[in-house]
Amino acid sequence: MADYSKDEIKRIEKKWQDKWAADGVYKVTNDTSKPKYYVLDMFPYPSGAGLHVGHPLGYIASDIVSRYKRIKGFNVLHPMGFDAFGLPAEQYAIQTGQHPAITTATNIETYKRQLRQIGFSYDWDREVQTSDPAYYKWTQWIFSQLFNAWYNKKADKAQPIDDLIAELNRNGNANILAVCDEDTPAVTAAQWQAFTAREREDFLQKYRIAYLSETMVNWCAALGTVLSNDEVKDGVSERGGYPVERIKMLQWSMRITAYAERLLKGLDTIDWPEPVKEMQRNWIGKSKGCELEFKLATPAANGETIKVFTTRIDTVFGVSFLVLAPEHELVDKITTQEQRGQVDQYIEIAKNRSERERMSEVKRVSGAFTGAYAINPYNNEQIPVWIADYVLAGYGTGAVMAVPAHDERDHRFAKHFNLPMRQVVEGPDTTEEAFVSWDARIINSDFMNGLTVDEAIEAGIQKAEAWGIGKGKVNFRMRDAIFGRQRYWGEPFPVYFDNGLPKLVPNKDLPVTLPEIDAYKPTETGEPPLGRAKGWNYNGHPYELTTMPGWAGSSWYWFRYMDPKNDKEFCGQDVQHYWRDVDLYMGGSEHATGHLLYSRFWCKVLKDLGHVEAEEPFKKLINQGHIQGVSKFVYRVTGTKQFVSAGLRKQYNTTPLNVDITIVADDFSLDIEAFKNWRDDFKDAEFILENGKYICGSEVEKMSKSKYNVVNPDDIVGNYGADTLRMYEMFLGPLELSKPWNTNGIDGVYKFLRRFWNLFHDKQGDFTVTTEEPTREELKALHKTLKKVEEDIERFSFNTSVSEFMICCNELSSLKCNKRAILEPLVIALSPFAPHITEELWQLLGHAQSILNERFPTHDAQYLVENSFEYPISINGKVRHKMNFALDMPKEDIERLVMASEIVQNWTEGKAPKKVIIVPGRIVNVVL
Ligand code: ANZ
């Protein structure tokens with residue numbers, strides 16, 4: 001005797017979770033006899049707040065897909081783990097002295113308990129934690145691989161640095177085409193061989209994919225660390241909102257720019273949401289243009305030229321002046337005596353503005369004249385050379401040709417400083433012969449006339465190349481990624497310094513484990529926290545003191561899940577060959593440029609070096625929407641202890657305050673006693689009521705602890721069970737959309753499951769399923785649902801499958817169907833959504849084996865064919881009535897029944913029709 005009651009749900013869900021764990025039913029083997037399917041969730045950072053109902057949204061969807069693919073015959077890899085290094089644990093450690101490893105372990109336990117009770121099909125034996133030395137050993141190993149690699153443009157891939165060294169020994173770098181630092185000098189084999197160890201290492205650093213260099217970084221003094229560009233928002237740190245300044249620092253970087261083109265091209269091969277691809281395209285920022293040299297007219301320049309990068313060479317006749325970045329190396333050389341004071345002063349001001357400010361504050365015009373002039377090679381005109389901070393030192397050549405007639409920033413600049421503005425199409429009218437020598441290159445713009453912009457650009461570049469004053473050039477906005485962080489709670493580098501030279505810790509000595517320190521903050525001398533570690537060195541040589549950034553551990557973790565226990569390799573070759581890449585990746589859109597770009601980058605390097613086969617890590621990506629919280633507000637009459645009910649608040653001057661949603665009833669009325677007890681400062685609160693109640697305001701916001709609007713999945717599971725939670729989260733709406741959490745419908749979902757349960761049980765709660773033959777109607781209800789659910793899951797539309805199940809259950813309830821032939825396939829189809837109730841029913845149906853080993857029942861199209869049709873009955877061309885007839889009914893019978901119908905007789909007033917035309921399956925026409 002059983003009812004689908006709360007107690008029964010608790011019993012069933014616990015029973016199966018325990019049994020699944022004991023039997024290891026979610027254990028995944030590398031069974032190559034089956035096709036593989038890899039479903040991955042973005043692994044969470046285990047924060048102190050635990051999970052709220054927003055987190056499982058994506059996990060539930062991916063679990064449904066995993067379970068579905070499994071019963072479709074795939075070998076499914078569906079792991080879970082933790083992105084366990086990170087700033088919050090470290091900041092908590094700074095405040096409390098608690099070791100971040102301890103808080104992290106506690107938080108992970110909470111997460112796992114919460115995840116377990118939702119009934120996910122993870123193989124927990126494959127769990128990874130990025131802060132586990134057995135894991136980060138391989139993060140360090142990958143770093144070593146990147147340190148020991150360079151990008152060969154001829155092969156268009158990364159190669160071992162030893163190949164580069166061998167070539168340097170043979171021929172110097174004359175034949176080497178590499179992605180390397182701009183300032184890499186040409187060396188001969190003899191020069192290379194004569195280099196000291198330090199010179200060699202400095203030279204190699206210009207090629208290594210993981211390298212050390214003096215770079216401008218975003219320094220956040222309050223956090224005591226460097227931040228990446230995507231960790232800085234509007235000039236302040238994304239976490240904490242602290243000011244960020246640009247300073248020069250010796251830093252580890254990753255030469256991701258070597259992969260710019262491949263990262264761009266790869267986007268066309270993967271099934272990702274278009275907005276994410278577009279964000280990556282913008283981040284990479286490819287632009288095609290021309291590098292063009294302007295000769296300086298100033299004798300002090302000593303024949304030097306200024307190289308500009310322009311995407312609009314077609315506007316070259318409108319160049320009115322040149323602008324250099326204040327940091328440009330020629331500034332000092334060309335500035336005249338009279339202008340020096342102004343120039344120096346301007347450089348001093350510009351220095352402290354971040355790159356972001358310089359780009360975004362377009363309305364703020366500032367700059368200084370250097371006193372120098374340059375010559376436009378297309379019309380021989382002398383134009384002044386200025387400096388201004390809207391030109392960025394690190395982009396293109398750090399110099400621009402200014403075309404006020406065409407470019408807004410240039411226009412604003414010219415207007416502000418009252419500079420001449422040349423028109424684009426003008427210029428002395430002379431002949432082609434005049435171009436032969438550099439100085440006499442005066443032409444008209446005819447060669448560009450009548451062309452489209454793109455054609456004119458092409459023609460302009462061709463001329464520049466023919467004259468030897470410029471060349472077509474592709475620039476990328478993307479910069480190399482800064483890789484070091486001045487933090488404690490991250491991966492140590494596998495690097496030590498031997499007489500100041502960076503050396504790799506040999507693989508046999510990995511991992512370099514994080515040392516214990518006495519306080520989790522920088523040293524008194526400003527070194528990173530690791531500077532506090534006593535006696536921490538490699539055979540007497542000091543270790544690198546920065547740690548890796550948050551994205552290191554997450555840039556390869558999907559490979560580790562394939563082979564999580566391997567202590568010989570980061571992932572075995574055969575295993576990697578079988579699982580290869582992620583078929584479905586589920587996660588938030590906030591990782592569009594950070595994690596998703598870095599993961600693609602590392603995957604490509606690992607592929608180039610022969611460690612993996614996939615060029616792209618994640619074939620399909622889905623961004624689940626966010627579940628928002630529904631906040632509740634009380635309104636304090638400003639400066640008093642009084643709170644006014646929402647409906648009356650307009651009459652007062654009020655300040656809204658978020659109030660804990662658990663002390664507000666469904667009708668928005670506040671539990672006043674609970675409110676007074678909620679916080680000490682509300683003890684003496686007074687209330688201005690409406691109709692005897694205090695009514696709260698309500699608004700949809702981000703779900704967050706600080707807004708007191710968090711709904712804990714534990715409470716929902718406790719109340720309704722995991723199956724209801726799972727189906728309800730899917731029922732809320734399309735997966736990709738954001739939607740507020742609203743518990744109104746949850747009862748409906750619970751009742752659906754109870755009704756489903758009752759199909760198998762009689763009124764007394766006894767299990768009664770018969771072996772009677774199903775009717776056609778029952779078969780139709782089943783097969784229509786099987787078809788729809790399969791199609792829906794295949795296109796990741798889960799809310800529609802939940803409603804399909806509800807419809808089917810209603811139909812079967814009204815048909816009083818309790819037949820095995822119908823219910824058994826239906827239980828299997830429902831199992832990916834509601835694993836516990838279906839497993840229980842499966843057992844009740846007499847099966848000894850888990851439902852997980854069944855096959856998804858495919859629908860049979862013959863049952864979907866409609867066998868009757870509702871005919872529109874048209875009388876003299878107007879539809880007056882509808883009647884249902886079997887599709888195989890003879891025409892004479894249809895005619896007889898139509899004419900006998902009371903409604904038709906009313907319209908025909910009893911007259912015999914001239915004609916009755918019957919189009920089977922379409923319409924009946926009565927012509928009077
Ligand atoms: C002349 C011109 C005329 C330009 C015109 C644009 C429009 P993207 O697409 O971002 O590559 N530029 C070049 N280097 C720069 C730097 N270091 N800092 C700031 N601006 C820079 O844009 C390239 C264009 O941005 C270049 O083309 C240059 O201005 C400017 F009607 O040259 B253009």
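For ligands, and for the atoms within them, numbers begin at 1 and follow the listed sequence. For clarity, every value in this text was computed on a predicted model and none was experimentally measured.
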Derivation of the salt bridge (Lys or Arg N to Asp or Glu O under 4.0 Å) call for Lys206 and Asp183: CA-CA 8 Å; Lys206 297 177 184 299; Asp183 64 356; 3.1 Å; yes
N or O contacts of ligand 1 with protein under 3.5 Å, please list pair by pair.
| unit_1 | atom_1 | unit_2 | atom_2 | d |
| --- | --- | --- | --- | --- |
| ligand 1 | 10 (O) | Arg477 | NH2 | 2.9 |
| ligand 1 | 11 (O) | Ser287 | OG | 2.5 |
| ligand 1 | 11 (O) | Tyr395 | OH | 2.5 |
| ligand 1 | 17 (N) | Leu392 | O | 2.8 |
| ligand 1 | 17 (N) | Tyr395 | O | 2.9 |
| ligand 1 | 18 (N) | Leu392 | N | 2.9 |
| ligand 1 | 20 (N) | Arg409 | NH2 | 3.4 |
| ligand 1 | 27 (O) | Thr310 | OG1 | 3.4 |
| ligand 1 | 27 (O) | Thr311 | N | 3.0 |
| ligand 1 | 27 (O) | Thr311 | OG1 | 3.2 |
| ligand 1 | 32 (O) | Thr310 | OG1 | 2.7 |

Atom pair CG/CD of Asn152 and Gln159 - distance to nearest 0.5 Å: 4.5 Å
Neighbour count >12 (heavy atoms, 6.0 Å) for atom CD, Glu199: yes
Inter-residue atom distance Phe618.CZ - Glu616.CD, 0.5 Å rounding: 9.5 Å
Option passing side-chain contact (heavy atoms from CB on, under 4.5 Å) with Leu296 (candidates Leu322, Ile306, Ile375): Ile306
Residues in ring-ring contact (aromatic ring centres under 6.0 Å, His included) contact with Tyr151, at least two apart in sequence or another chain: Tyr259
